Amino acid sequence: MNLEKLLADRLAQAFSAVAGGPVDPVVRRSQHADYQSDAALSLARRLGRPPRDIATEILGQAELADLCSAVEVSGPGFINLTVADPALGALLSPMAVDARLGVAVSAAPQTVVVDYSAPNVAKEMHVGHLRSTVIGDAAVRLLEWLGHRVIKANHLGDWGTPFGMLIEHLLDLGESEAAHELSVGDLDSFYKAARVKFDADDAFKERARRRVVALQGGDELTLRLWRLLVAESEKYFLTVYDQLGVLLTEQDFYGESYYNDMLAPVTDELDRLGLLRDSGDAACVFPEGFTGRDGQPLPIIVRKRDGGYGYGATDLAAIRHRTRNLGATRLLYVVGLPQRQHFEMVYAVARQAGWLSPPAVAEHIGFGSILGSDGKMLRSRAGGSIKLVGLLDEAVTRAAELARQKNPDLPEAAIADVARAVGIGAIKYADLSTDRIKDYVFDWQRMLSLDGNTAPYLQYAHARIRSIFRRAGLGQITAASISIAHPAEHALALELVNFGTVVTGVEQTLEFHRLAGYLHTLAATFSGFYEHCPVLRAEGEVRASRLALCDLTARILHRGLYLLGIATPERM
RNA sequence: GCGCCCGUAGCUCAGCGGAUAGAGCAGGGGACUUCUAAUCCCAAGGCCGCAGGUUCGAAUCCUGCCGGGCGCACCA
């Protein structure tokens, strides 16, 4: 049971009695006390009474004695609440022995499809894929932990016109040579070589065109070569996912080709519904409210003039499949902000077609760009895109140097693990700790800093706690009687009881920076506690209680970072 | 032209209608015979892009500007 709701419920009763109707007591954390309620101010006009009077009456009626050690009316009519230490102890003690840390699984579990990562076959993964993969992974982890049925959908770019040239290039190289090149992860040069030939050589271009036709026509040889390309690329992507430490597996590849068989039925259905219109040579749907450069209605191109299907058709087929066949009620698209309009249009059409109707909803989980220190899109010195694996390798290398430098006692054998956790964690945390809608500046120094809102700072707080338990020769706490006395314990306790509220908030908004911010505040508050409250040198019940506080803090840090996809080393 | 997103401390970012706008970094001053100082504490730093409006109350909501980024028909 979370404290904020407990306080709100008690106040709500008093408010509704005083106001003669339901009132949201607007309870929130306060600088002037532990919590404050602001509802008396907004009620003043409605009741025609001074807000302080209302607040005073509320305090007279509300049953808060068991929860609060002090309540007062303050300023123009704020109600300030100081939470009683015994109440904190009573909330925390069961939490400390609960495997779920007091966070219940959802009472209304949904089937959620998370569409994310989506690299292109035979192309290198670059920084552009980082945010989608990291944010999508966090969404999957958090929603799964809350008991939802989560379907990971890696919408691989595995179909379309580029495959004509890629397959022809594969043939030129010879299958075994091509497979070798792809398997060592040299996708960039493979793709670029194909591209160069395509642009420079008309004969090659013509072969590529014919190959596309063969591919779409289901030619066996062509399909076999296409599968080879896809399989080698998938193998490579999986190594990147492994290095990144995300949950995506070979079972989560639902590339564009997966929907091929559904495109004709989807098109027919759109036609039957009267939504499909001929526009020149293409078959289009025009959702209302979208206009283009020329002021004319903007289409989703379902079937192109060459008879092939547009990507809009694939996106529509995917929605129909996900709601109709998979029974999904929440469709998440973790895709960059530039594609916002496209997805809004797709959703609009899907709603018109009846494939996306309540309770099912689709949400575009958009995100900004990663910028370099110059404030422009992050690029390599040569101006090209930066290989994701290169970035990850550098993170681990930098973290290893840091670990050696900062903790000379750390055995060399442990450094690799720590470097991986810290390096990869730093990159992910930098991504998840700021509002995802905004661009952010990629900065090694900052993300690997041991101070501030960074992964290493949180990991350090966790490692410190684990160190206490190592030193004490203790494992996990199995029984806890937490009693709060010291102000630093009080401050820590207030953060600890808040975990569930934060997690269920992020369940709705998928604003992971709020979870990150919470974890940072928790770690910082723990540091204060650590400075002021000896644990192992305390005695008896105080020692046991503080150990339980430490254990609970460590487990929330561990769980919270896990939900963000970040590892927590035992020592660092 | 239409649409979307962003403008908060020197820098990087929080702040989801409420009290004196908060962190971290950088710069200044302190704290290691003590559970990891990879830490902590103190001081300093702000016409919240600008102008109106709504409200008892606006960084937050609305409108209009200014500045930056992005999208707008057969690539995804």
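So that the names make sense, note that chain A is the first sequence line, chain B the second, and so on, each numbered from 1. Not measured: the values here are computed from a predicted model.
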Between [X] ([atom1]) and [N] ([atom2]), how many Å, whole number?
X        : N     : atom1 : atom2 : result
A:Asp435 : B:U60 : CG    : C1'   : 14 Å
A:Tyr460 : B:C40 : OH    : C1'   : 10 Å
A:Met572 : B:A37 : CE    : P     : 13 Å
A:Phe526 : B:A38 : CZ    : P     : 15 Å
A:Trp444 : B:C25 : CH2   : P     : 20 Å
A:Asp294 : B:G3  : CG    : P     : 15 Å
A:Leu41  : B:A19 : CG    : P     : 10 Å
A:Tyr530 : B:C41 : OH    : P     : 14 Å

Self-check item: Pairwise distance CD1(A:Ile468) to CZ(A:Arg546) - rounded to 0.5 angstrom
Solution: 11.0 Å

Practice problem: Can you measure from CD (A:Glu495) to NE2 (A:His490) and round to the nearest 0.5 angstrom? | Solution: 10.5 Å

Within the pair [X] and [N], is there a side-chain N or O less than 4.0 Å away from OP1 or OP2?
X        : N     : result
A:Lys376 : B:G69 : no
A:Arg28  : B:G18 : yes
A:His32  : B:U20 : no
A:Arg471 : B:U36 : yes
A:Arg514 : B:G15 : yes
A:Tyr457 : B:C25 : no
A:Arg464 : B:A37 : yes

Practice problem: Could you give me the CA-CA distance, side-chain angles and deciding distance for A:Val121 and A:Phe163, then say whether side-chain contact (heavy atoms from CB on, under 4.5 Å) is met? | Solution: CA-CA 9 Å; A:Val121 163; A:Phe163 283 89; 3.6 Å; yes

Self-check item: Salt bridge A:Arg404-A:Glu412, side-chain N to carboxylate O under 4.0 Å
Solution: yes

If you check the [X] side chain, which of [options] turns out closest?
X        : options             : answer
A:Cys284 : B:U39, B:A73, B:U36 : B:A73
A:Asp451 : B:U36, B:A19, B:C40 : B:C40
A:Gln31  : B:U36, B:G22, B:G18 : B:G22
A:Val441 : B:C5, B:C13, B:C74  : B:C13
A:Ile301 : B:G15, B:C74, B:C72 : B:C74
A:Lys438 : B:U36, B:C74, B:C6  : B:C6
A:Leu450 : B:C4, B:C72, B:A38  : B:A38
A:Leu298 : B:C72, B:C40, B:A37 : B:C72
A:Ile437 : B:G15, B:A38, B:C5  : B:C5
A:Ser30  : B:U12, B:A19, B:G71 : B:A19

Would you indicate what [X] reaches in the nucleic acid, counting non-hydrogen atoms under 4.0 angstrom: base, sugar-phosphate, or nothing?
X        : result
A:Ser42  : base
A:Val535 : base
A:Ser527 : sugar-phosphate

For [N] versus [M], give the span between their [atom1] atoms, rounded off to a whole number of Å.
N     : M     : atom1 : answer
B:C32 : B:C16 : P     : 40 Å
B:G24 : B:G64 : P     : 39 Å
B:C62 : B:G27 : P     : 41 Å
B:U12 : B:A19 : P     : 27 Å

Quiz item: Under 3.5 Å, is there a donor-acceptor pair between the A:Arg464 and A:Tyr460 side chains?
Solution: yes

Exercise. Verify whether one side chain among A:Asp315 and A:Tyr259 offers a donor that lies under 3.5 Å from an acceptor in the other.
Key: no

Practice problem: For atom CD of A:Glu288, decide whether the heavy atoms of other residues, nucleotides or ligands shown that lie under 6.0 angstrom number more than 12. | Solution: no

Quiz prompt | Near-parallel close stack of A:Phe78 and B:A19 base (under 5.5 Å, under 30°) | solution = yes

Exercise. Ignoring hydrogens and angles, answer whether the base of B:A19 and the side-chain atoms of A:Gln36 contain a donor-acceptor pair closer than 3.5 Å.
Key: yes

Exercise. Decide yes or no, distance alone: a donor-acceptor N/O pair under 3.5 angstrom between the base of B:A19 and the side-chain of A:Ser74.
Key: yes

Self-check item: salt bridge (Lys or Arg N to Asp or Glu O under 4.0 Å) evaluation trace for A:Glu168 with A:Lys197
Solution: CA-CA 10 Å; A:Glu168 286 301 322; A:Lys197 275 196 276 183; over 6 Å; no

Practice problem: Please tell me which of A:Gly310 and A:Ala523 maps to the more 5' nucleotide of RNA chain B, matching each residue to the nucleotide holding its nearest heavy atom. | Solution: A:Ala523

Quiz item: Between A:Arg340 and A:Gly312, which has a closest nucleotide on RNA chain B that is more 5'?
Solution: A:Arg340

